[in-house]
Amino acid sequence: MPQPLNDGLACPQCGDVHASARWVQLCYGPKVSSYSEDYRRYCEAITVLKRFRTKRTRMGYLARVANMRSEAAAAELRAEMLRIWTFKQGGN
């Protein structure tokens with residue numbers, strides 16, 4: 001059976017386009033699939049920025065990410081958090 005055209009909306013786990021899949025515009029510009037890794041990372045970054053209010057607590061969270069996932073995962077999350085924070089501060 002041929003795979004349907006998904007135009008980037010496919011679930012990375014199963015490859016199907018779920019009924020709830022949609023395009024989401026991130027606060028700093030790009031549109032991504034609601035099933036993408038980019039959107040998952042964006043949501044995690046927003047949550048960390050809201051939940052952990054001090055630099056110390058955010059760094060603690062990133063240390064746990066590095067320990068549980070990898071240093072690269074923590075670096076990607078930190079970069080996403082910085083991108084969001086910079087945009088919300090009026091930067092590009």
With side-chain contact (heavy atoms from CB on, under 4.5 Å) as the test, would you mind laying out the steps for Tyr42 and Val32 before giving the verdict? CA-CA 10 Å; Tyr42 175 80; Val32 298; over 6 Å; no
Take Glu44 and Tyr39 through the side-chain hydrogen bond (donor to acceptor under 3.5 Å, both in side chains) test and state the conclusion after the steps. CA-CA 9 Å; Glu44 183 179 13; Tyr39 187 59; over 6 Å; no
_Run Leu9 and Arg22 through side-chain contact (heavy atoms from CB on, under 4.5 Å) and show every step you take._
CA-CA 7 Å; Leu9 287 176; Arg22 66 191 192 291; 5.6 Å; no
Leu62 vs Met81, test: side-chain contact (heavy atoms from CB on, under 4.5 Å). Steps then yes/no. CA-CA 11 Å; Leu62 289 171; Met81 291 165 57; 4.1 Å; yes
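Atom CZ in Arg51 sits 15.0 Å away from atom CD1 in Ile46 (nearest 0.5 Å). Atoms OG and NZ, from Ser36 and Lys31 in turn, are 14.0 Å apart once rounded to the nearest 0.5 Å. Rounded to the nearest 0.5 Å, atoms CG (Asp16) and OH (Tyr35) are 10.0 Å apart. Between atom CZ of residue Arg69 and atom CD of residue Glu76 there is a gap of 10.0 Å, rounded to the nearest 0.5 Å.
At a threshold of 4.5 Å between non-hydrogen side-chain atoms, the residues Lys88 and Leu49 do not count as touching. The closest side-chain heavy-atom distance from Cys27 to Ile84 is below 4.5 Å.
In terms of heavy atoms, Ser20 sits closest to Ser34 at O-OG, 3.8 Å.
Checked against side chain to side chain contact (heavy atoms under 4.5 Å, CB included), Glu37 has the following partners two or more places apart in sequence or in another chain: Arg40, Arg41.
The hydrophobic cluster containing Phe87 does not contain Trp85, counting ILVMFWY residues as joined when their side-chain heavy atoms lie under 4.5 angstrom apart, directly or transitively.
No side-chain donor-acceptor contact under 3.5 Å links Tyr28 and Thr86.
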